[in-house]
Every structure is written in C-alpha cells, then in structure tokens.
Asks: 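A single structure is presented below for examination.
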Amino acid sequence: QVQLVESGGGLVQAGGSLRLSCAASGRTSDNYAMGWFRQAPGKEREFVAAIRYRGAVSYYANSVKGRFTISGDNAKNMVYLQMNSLKPEDTADYYCAASSSYYSGTYIYPYQYPYWGRGTQVTVSS
C-alpha cells in the first residue's frame, strides 16, 4: 500500500504560480511512476503530468506543456508540480497518484494508478 498526501493548493491570480507537493509513504519502493491529475467541477478527471521513477522521463498534457513542470525527489519520497502562468481554466482539484505497475508506454491514464491522494484545490482568478 502507498499513501499519498497533497499540499500547496490555494487561490492565485491569473499569470501567477503555485507549487504542489505530494508526500508518499508506505511501499514506495514498488512505484514505477507518479502522476498528477485534476478534476474541475462537472468535468471528468484529466491527466496533467507524470514522471517515471527510473529514467526520470516525464509526460505532460498539451494544455499544460511549457507551463507546468513535474519533478521528484526519490530520497524524500516527494513529487512536485510547479505551475507557472496559471490560467482560470487550470482551476480544479489536483490529485497525486502512484503507479506500482510497469507500462512500456506513457503513464497518462487513471487506470494505471491504483493509489491516489485526497486532492488539493487550486483556484485561479481572472
């Protein structure tokens, strides 16, 4: 089992920045990748970014590419999401997720992640 706790959400004006953190505990050595997803009111959960632990390959949704950066600190069992140039459409609950399975392709689908945090709210005002 892996436990995940997100932090760092809040209210920010458009154009501003936030840094989300995700603390992982438990059987973290089994994790192959960590990801961030988001869900806006009335919408489905969508992929934001992910990073493989081995090789440190990262993936981004087109909507955040160039503005968001995912990074990890394996020694501290932490994953971060640096969000710059925030837009009102980035407003959502952001969830950290961990995958304990190997996939040869990308890690962009919710079904690939059996472990989820409870989320942190991000609100971007115009």
Side-chain angles (χ1 to χ4, degrees):
Q1 292 291 328
V2 176
Q3 294 78 43
L4 304 171
V5 179
E6 304 94 336
S7 61
L11 173 64
V12 64
Q13 288 188 331
S17 298
L18 280 175
R19 188 195 195 202
L20 304 184
S21 299
C22 174
S25 60
R27 298 189 60 174
T28 58
S29 61
D30 294 341
N31 289 344
Y32 281 90
M34 298 287 291
W36 287 95
F37 290 76
R38 67 186 181 187
Q39 188 167 16
K43 295 187 177 182
E44 293 187 355
R45 190 168 297 190
E46 65 174 1
F47 169 75
V48 175
I51 185 168
R52 285 180 179 266
Y53 271 176
R54 295 165 179 79
V57 177
S58 56
Y59 311 95
Y60 295 94
N62 288 335
S63 59
V64 307
K65 200 172 293 183
R67 300 188 296 123
F68 291 10
T69 302
I70 188 171
S71 61
D73 185 333
N74 291 348
K76 296 182 179 179
N77 291 322
M78 296 289 296
V79 176
Y80 306 98
L81 185 68
Q82 178 66 43
M83 306 186 295
N84 299 328
S85 302
L86 283 161
K87 304 175 181 180
E89 51 263 44
D90 294 319
T91 295
D93 291 326
Y94 283 71
Y95 298 88
C96 177
S99 177
S100 55
S101 298
Y102 172 78
Y103 295 93
S104 60
T106 58
Y107 281 84
I108 65 173
Y109 302 103
Y111 76 83
Q112 295 173 305
Y113 296 85
Y115 305 110
W116 293 82
R118 293 187 175 183
T120 185
Q121 189 175 53
V122 172
T123 303
V124 184
S125 63
S126 58

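Only this structure's heavy atoms are used, side chains among them; waters, hydrogens and symmetry mates stay out. Keep in mind the model is a prediction, meaning the values are calculated, not measured.
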Asks: Apply side-chain contact (heavy atoms from CB on, under 4.5 Å) to R19 and L81, showing your working.
Replies: CA-CA 6 Å; R19 188 195 195 202; L81 185 68; over 6 Å; no
Asks: Quick one: are the ring centres of F37 and W116 less than 6.0 Å apart?
Replies: yes
Asks: To the nearest 0.5 Å, tell me how far I51 CD1 sits from Y59 OH.
Replies: 10.0 Å
Asks: Does some side-chain heavy atom of M34 sit less than 4.5 Å from a side-chain heavy atom of C22?
Replies: yes
Asks: Begin with the C-alpha distance, continue with both residues' side-chain angles, and end with the deciding distance and a verdict on side-chain contact (heavy atoms from CB on, under 4.5 Å) for N77 and N31.
Replies: CA-CA 10 Å; N77 291 322; N31 289 344; over 6 Å; no
Asks: Taking the side chain from T123 and the backbone from L11, do they hold a donor-acceptor pair closer than 3.5 Å?
Replies: no
Asks: Begin from the C-alpha positions of Y60 and R67 and carry the test side chain to side chain donor-acceptor pair (under 3.5 Å) through to its verdict.
Replies: CA-CA 10 Å; Y60 295 94; R67 300 188 296 123; over 6 Å; no
Asks: Side chain to side chain donor-acceptor pair (under 3.5 Å) for N84 and S17? Distances and angles first, verdict last.
Replies: CA-CA 4 Å; N84 299 328; S17 298; 2.9 Å; yes
Asks: Classify the ring geometry of Y107 against Y103: parallel below 30°, tilted from 30° to 60°, perpendicular beyond 60°.
Replies: perpendicular
Asks: Test your reading of the model: is there a side-chain donor-acceptor pair from Q112 to the backbone of T106, 3.5 Å cut-off?
Replies: yes
Asks: Quick test of your reading of the model: are R45 and D93 salt-bridged, counting only N-O distances below 4.0 Å?
Replies: no
Asks: Between the main-chain N or O of V124 and the side-chain N or O of T91, is there a donor-acceptor pair closer than 3.5 Å?
Replies: yes
Asks: Looking at R118 and E6, does any basic side-chain N land under 4.0 Å from a carboxylate oxygen?
Replies: no
Asks: Where do V12 and G16 come nearest, in terms of heavy atoms and distance?
Replies: CG2-CA, 3.8 Å
Asks: Set out, in order, the CA-CA distance, both residues' side-chain angles and the distance that settles side-chain contact (heavy atoms from CB on, under 4.5 Å) for S100 and Y32, then state yes or no.
Replies: CA-CA 5 Å; S100 55; Y32 281 90; 5.5 Å; no
Asks: CD/E89 to CZ/R38 distance, rounded to the nearest 0.5 angstrom?
Replies: 8.0 Å
Asks: Do the ring planes of F68 and Y94 sit parallel (below 30°), tilted (30 to 60°) or perpendicular (above 60°)?
Replies: tilted
Asks: Is there a path from V79 to V5 through hydrophobic residues (I, L, V, M, F, W, Y) whose side chains come within less than 4.5 Å of each other?
Replies: no
Asks: For Y80 and D73, what are the C-alpha separation, side-chain angles and deciding distance, and is it a side-chain contact (heavy atoms from CB on, under 4.5 Å)?
Replies: CA-CA 8 Å; Y80 306 98; D73 185 333; 4.2 Å; yes
Asks: Do W36 and I70 have side chains that approach each other closer than 4.5 Å (heavy atoms only, starting at C-beta)?
Replies: yes
Asks: With rounding to the nearest 0.5 Å, note down the distance linking OG in S126 to NZ in K87.
Replies: 14.0 Å
Asks: First locate atom OH of Y113, then atom CG of L4, and finally report the distance between them rounded to the nearest 0.5 Å.
Replies: 11.5 Å
Asks: Minimum heavy-atom separation for V2 to A98, with atom names?
Replies: CG1-CB, 4.3 Å
Asks: Do L20 and M78 sit in one hydrophobic cluster, given that two such residues count as connected whenever their side-chain heavy atoms are within less than 4.5 Å of each other, even indirectly?
Replies: no
Asks: I need the S63 OG to F47 CZ distance, nearest 0.5 Å.
Replies: 9.5 Å
